[in-house]
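The analysis underlying the following values was restricted to heavy atoms, covering all of them including side chains, and did not include hydrogens, waters or symmetry mates.
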Amino acid sequence: MPGDVLMPEVCRDTAGVLLTWIAEVADEPLVLEPTDRRLERETNTWWLGAADEDRRALSSSQVVAAFERTAEGIRLRIHEMGFAGVATFYVWHDEQAGQLRCSTGSVPPDELPFGGPYVASGDLRAVVESFLSNREPGVVVWADLGDEHDQSEQAVPELETAPLPVWVRSVGPISA
């Protein structure tokens with residue numbers, strides 16, 4: 001499952017499939033290697049998608065609960081591995097791909113390996129609701145496109161992108 005893109009074309013069963021995939025993340029191979037963050041990202045990152053009809057059948061509470069159980073499962077595994085460093089499980093919505101993505105890394109929440117700005121948050125519901133309401137990923141609404149002639153005569157301002165909301169959960173050592 002690491003690195004696999006779990007898309008609706010592969011499995012179009014029911015909304016429960018997404019919840020199953022989220023649960024399975026806790027049992028997938030897990031590498032915590034602070035000196036090799038690339039290996040961590042490649043091994044510990046998962047892509048989760050669902051068809052529109054499946055998204056409509058899910059509640060944000062169901063998906064949030066599934067991710068919270070997965071985070072706790074990963075936390076217990078890390079404890080059993082004897083890893084004593086910082087570890088973070090995090091979830092974000094890739095709007096362009098229309099997927100929820102999650103990863104585990106030996107980094108604190110303020111050092112996640114994103115190439116752009118992000119906001120670490122404890123609010124998973126907002127991330128999940130964004131995913132559940134994203135009906136046509138990667139599609140730009142026709143009315144949102146400007147007239148080419150109008151833009152060529154004006155200076156087009158650079159678009160500022162809002163920081164990516166990312167849910168974070170510490171899964172490092174369990175306190176005694």
Side-chain angles (χ1 to χ4, degrees), residues 1-13 15-34 36-52 54-75 77-78 86-139 161-172:
M1 192 156 126
D4 290 344
V5 178
L6 303 175
M7 292 297 294
E9 297 77 32
V10 174
C11 185
R12 294 179 81 71
D13 292 348
V17 171
L18 178 65
L19 300 176
T20 299
W21 288 338
I22 293 168
E24 289 175 353
V25 165
D27 297 322
E28 289 294 321
L30 181 64
V31 173
L32 294 173
E33 184 55 58
D36 192 348
R37 300 288 164 85
R38 181 193 56 77
L39 179 61
E40 280 187 351
R41 280 191 310 273
E42 289 175 1
T43 306
N44 304 342
T45 302
W46 301 273
W47 298 261
L48 307 163
D52 285 348
D54 293 340
R55 290 177 200 220
R56 285 189 291 272
L58 287 167
S59 73
S60 57
S61 296
Q62 290 172 302
V63 179
V64 165
F67 273 119
E68 287 175 342
R69 286 188 300 272
T70 295
E72 184 57 25
I74 290 171
R75 184 166 126 100
R77 283 187 60 207
I78 290 171
V86 172
T88 303
F89 176 69
Y90 51 104
V91 178
W92 69 100
H93 173 213
D94 180 332
E95 289 186 40
Q96 185 69 27
Q99 299 170 338
L100 281 172
R101 297 194 178 184
C102 60
S103 190
T104 304
S106 59
V107 295
D110 61 344
E111 294 180 21
L112 299 178
F114 290 103
Y118 68 94
V119 174
S121 167
D123 184 9
L124 179 53
R125 186 168 305 280
V127 172
V128 169
E129 286 175 356
S130 174
F131 167 73
L132 293 176
S133 67
N134 187 11
R135 298 293 176 230
E136 294 187 50
V139 173
T161 58
L164 178 67
V166 180
W167 178 70
V168 296
R169 173 68 53 94
S170 173
V171 290

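Contact record, Ala57 with Gln62: O-OE1, 4.0 Å, taken as the closest heavy-atom pair. Taking both residues in full, the closest heavy atoms of Leu32 and Ala87 are given as CD1-CB, 4.4 Å, listed atom of the first, atom of the second, then distance. For Glu95 against Ser130, the heavy-atom pair with the smallest separation is OE2-OG, 4.0 Å. For the residue pair Val127 and Val91, the shortest heavy atom distance occurs at CG1-O, 4.1 Å. Contact detail for Val119 and Pro163: the closest heavy-atom pair is CG2-CB, 3.4 Å.
Tested against Trp92, the residues Phe67, Phe114, Trp47, Tyr118 include a single ring-ring contact (aromatic ring centres under 6.0 Å, His included) partner, Phe114.
If you take CG on Leu30 and CZ on Phe89, they are separated by 10.5 Å, rounding to the nearest 0.5 Å. The NE2 atom of His93 lies 11.5 Å from the CG atom of Leu48; values are rounded to the nearest 0.5 Å. A distance of 3.5 Å separates OG in Ser103 from OH in Tyr90, rounded to the nearest 0.5 Å. From Leu19, atom CG reaches atom CD of Glu24 across 11.0 Å, with rounding to the nearest 0.5 Å. We find the OG-CG distance between Ser61 and Leu124 to be 10.5 Å, quoted to the nearest 0.5 Å. In this structure, CD1 in Ile22 is found 7.5 Å from SG in Cys102, a value given to the nearest 0.5 Å.
Residues Arg75 and Glu72 are paired through a salt bridge, judged by an N-O separation under 4.0 Å between the basic side chain and the carboxylate.
Inter-residue side-chain proximity for Leu18 and Asp54 is flagged as unmet; no heavy-atom pair is nearer than 4.5 Å. The shortest side-chain heavy-atom distance between Val25 and Ile74 falls under the 4.5 Å cut-off. Between Thr88 and Arg169, every side-chain heavy-atom pair lies at or beyond the 4.5 Å cut-off. The shortest distance between side-chain heavy atoms of Ser60 and Leu132 falls below 4.5 Å. A heavy-atom distance below 4.5 Å is not found between the side chains of Thr43 and Thr104.
Inspection of the Glu33 and Ser106 side chains reveals no N or O donor paired with an N or O acceptor under 3.5 Å. Counted by atom type alone, Ser133 and Arg55 present zero donor-acceptor pairs between their side chains at under 3.5 Å.
Scanning for salt bridge (charged side-chain N to carboxylate O under 4.0 Å, His left out) contacts around Arg101 gives Asp94, with sequence neighbours left out.
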